[in-house]
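Small disclaimer: the values here were computed from a predicted structure and weren't measured.
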There are 2 protein chains.
Amino acid sequence: MPKPHTARGVEPGPAPPSPVALPDLSTVWLRTFLHVARHGSFTVAARELGWTQSAVSRQVSALEAALGGAPLFDRLPRGVRPTAEGRALLPHAEEVLARLHRAAGELAALRDGTGGPLRIGAFATADAGLVPRALARFRDRHPGVVLTHEEGRTPALLSRLTEGGLDLAVVSTTGGALPDGAHDFHHLLDETLYVALPAGHPLAAEPELRLPRLAAEDWITGSPHIEGSLLRLALRHGFRPRVAHVVAEWTAKQGYVAAGLGIALIPQLAAESARPDITLVPLRDDSAPAREVYAATARRRAAPSAATAFLAALRHAAAGL
Amino acid sequence: MPKPHTARGVEPGPAPPSPVALPDLSTVWLRTFLHVARHGSFTVAARELGWTQSAVSRQVSALEAALGGAPLFDRLPRGVRPTAEGRALLPHAEEVLARLHRAAGELAALRDGTGGPLRIGAFATADAGLVPRALARFRDRHPGVVLTHEEGRTPALLSRLTEGGLDLAVVSTTGGALPDGAHDFHHLLDETLYVALPAGHPLAAEPELRLPRLAAEDWITGSPHIEGSLLRLALRHGFRPRVAHVVAEWTAKQGYVAAGLGIALIPQLAAESARPDITLVPLRDDSAPAREVYAATARRRAAPSAATAFLAALRHAAAGL
DNA sequence: GCGCGGTATGCGGTTTCGGCATGGCAGGCA
DNA sequence: TGCCTGCCATGCCGAAACCGCATACCGCGC
């Protein structure tokens, strides 16, 4: 069966473009290659790199073999010079090594906390003062770290930690169901509670208040957590607070209090964002504090060391309260 | 001796930026790293890469060690997920491997002559027809090759070859001092000589001419090579040509001939660029041909395979003369 | 409590790698 | 012309790296 005649020119046509495999090679070979190219000599490159000439010779051979077998250098009697292949490889080798150098630098910065991304989350009232102050301090000390921040409720934040979307979260508890085995909790502070009164309220001048004196007041409640806390505390003192309004948003709740529609309990962290025409009086209570605030990290995940540094900034901010 | 008191903040300040060393690693590790990151599993990556799970585990460990010791993955009960370091390394690893892939592709193209740079040189009259025709043919068959071209005299071209500035040169000889040990010469053609006469010259109708019939003519001579050749030939026939004008530039020399100021010898390669108002008559001579034309390469240097392909194109063009 | 899916690790054989010494080649100088 | 020198390649050997195999270990879910 005769093969079909194909016109074949004098010179070989372009070879069929074979799929180019990714070469397996060592970065050491590339570095050696660059030194050899720079000096035009195996011997000099070997001296410079602290190797013998034979090692350099073998490394270049290995690189040539890994790259398809074409020589990268012409071996001349007085040294070597790059072939066309060698000249073509030169910029790639430089780029690859530079890129690896950059990568190593970024990883080092990441490791010692001086750079890289850091993703933190916090619940809303922590963002009123605690977290911003920690952020400011941290940003001064670690200018290279790129911080991203998100707000959320504690359960959502903990999920984000386990799924890997956050590195560190500022969470709170109103009871103590927190330790769950999947997270590490670092205690930041125990919040005390304040009573928010309209400026002209008869009790506004008191230095502190105990709950029984507030049994007859109208109450503004907000989020379920605060309401739960208020309810539990009040019931412990034998009365059921009369809830006049349920207002979730903290700014709105302030407005209701300022308008004299009732009084509210607010946690310490939210206290500093109170408007001037309401008065905050510390609530003295012998039972457990209303909330505990923690910084949480995922237990099975290695936290970036920037997270550790940020935790320190959080502690500092918490200590300043 | 008390140490000077230095204010030390609560959190550790940024560590001193240590000089980052270039990591020594294998590209295999990087590829494995990418597969692991993509699948979130050592086992799956191992299957995909045709290795065992233990090999993948060790490769990742080796990469982590090479990059400073920080883990690149969090080992979770159901697989692994990249740490902050791993996420930071990801784009670099991809870039490095892509770059190596590109480099391998370029080298492959260079090796089979379908790409890469090719630097050729030629003497002036070769550029009148021979080289441009070879170039056109070559460019059609090897569109990926980036050709650069320079013109020069034979000695300069040979120097450029040895010093590595050219890959292939079209050179000529007017005697035979060429084989010098440092170059390989590939014979292209033996040039015959033509006599250039003004259109109305009495001898212009002859089918061919022998030198003795031209002993009484005025001569226009150009480059030293042609002059040498003419002189040698004429002296061999017992007369010394009367040189009326010395004009180096070929276009100008044509003008002198056309104006009837004399006749000239021109080599075959320059014949086709003659203006229509002069007549070229082949010079019949039993002595050696005026010039031999070769393609030369540097002996101790590996010529790009595109050079071989171009040599074939040159042979084809030479055969067509 | 036990099996299951996944990673880490000790062990042995093979391969790679670097140093040492030697060989080969080309150029320069006497 | 012939020796000497400078440079790269290579055979040999000991050490280290690397892979596969088998196994230990650890959470999780049934």
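Tested against B/Leu63 for a side-chain contact (heavy atoms from CB on, under 4.5 Å), the candidates B/Val36, B/Thr32, B/Leu89 yield a single pass: B/Leu89.
Ionic pairing of A/Asp24 and B/Arg31 is present here: one or more N-O contacts between side-chain nitrogen and carboxylate oxygen are shorter than 4.0 angstrom. Between B/Glu150 and B/Arg160, at least one side-chain nitrogen of the basic residue sits less than 4.0 Å from a carboxylate oxygen of the acidic one, meeting the salt-bridge criterion. Ion pairing between B/Asp74 and B/Arg81 fails under the 4.0 Å rule for side-chain N and carboxylate O.
In this entry the distance linking CZ of A/Arg47 with P of C/dG19 reads 14 Å, nearest Å. In this structure, A/Arg299 places its CZ atom 11 Å from P of D/dG27, rounding to the nearest Å. A straight line from CG of B/Leu76 to P of C/dG6 spans 12 Å, rounded to a whole angstrom. Protein atom CZ of A/Arg81 is 17 Å distant from nucleotide atom C1' of D/dC8, rounded to whole Å. One can place CG of A/Leu25 at 15 Å from P of C/dT16, the figure rounded to the nearest angstrom. Spacing between atom CG of A/Asp74 and atom C1' of D/dA9 amounts to 16 Å, rounded to whole angstrom units. The separation between A/Leu49 atom CG and C/dG19 atom C1' is 15 Å, rounded to whole Å. Nucleotide C/dG19 holds its P atom 15 Å from the CZ atom of A/Phe42, rounded to whole Å.
Here the side chain of B/Gln53 is nearest to one of D/dC8, C/dT7, D/dG20, namely C/dT7. The side chain of B/Arg78 lies closest to D/dG27, out of C/dG18, D/dG27, D/dC19. The side chain of B/Arg300 approaches C/dA26 more closely than any other nucleotide in the set C/dA26, C/dT7, C/dG19.
Side-chain N/O atoms of A/Gln59 include one lying less than 4.0 angstrom from OP1 or OP2 on C/dG18. Close to D/dA9, at under 4.0 Å from its OP1 or OP2, lies a side-chain N or O of A/Ser57. Taking side-chain N and O atoms only, A/Thr52 has no distance below 4.0 Å to OP1 or OP2 of C/dC20. Of the side-chain N and O atoms in B/Ser54, none sit less than 4.0 angstrom from OP1 or OP2 of D/dG20. For B/Arg75 and C/dA8, the shortest distance from a side-chain N or O to OP1 or OP2 is below 4.0 Å.
Contact check for A/Phe42 versus A/Arg75: side-chain heavy atoms found under the 4.5 Å cut-off.
Looking at A/Ser41, its side chain has no donor and acceptor atom pair within 3.5 Å of the base of D/dC8. Between the side chain of B/Arg58 and the base of C/dG10, a donor-acceptor pair under 3.5 Å is found.
Closest-nucleotide positions on DNA chain C for A/Trp51 and B/Pro77 were compared, and the one nearer the 5' end corresponds to B/Pro77. Each of A/Gly79 and B/Trp29 was matched to the nucleotide of DNA chain D holding its nearest heavy atom; the match closer to the 5' end belongs to A/Gly79. Where B/Gly40 and A/Val56 meet DNA chain C, the nucleotide closest to each residue was compared, and B/Gly40 sits on the side nearer the 5' end.
Counting only distance, with no hydrogens or angles, the side chain of A/Arg299 and the backbone of A/His183 share a donor-acceptor pair below 3.5 Å.
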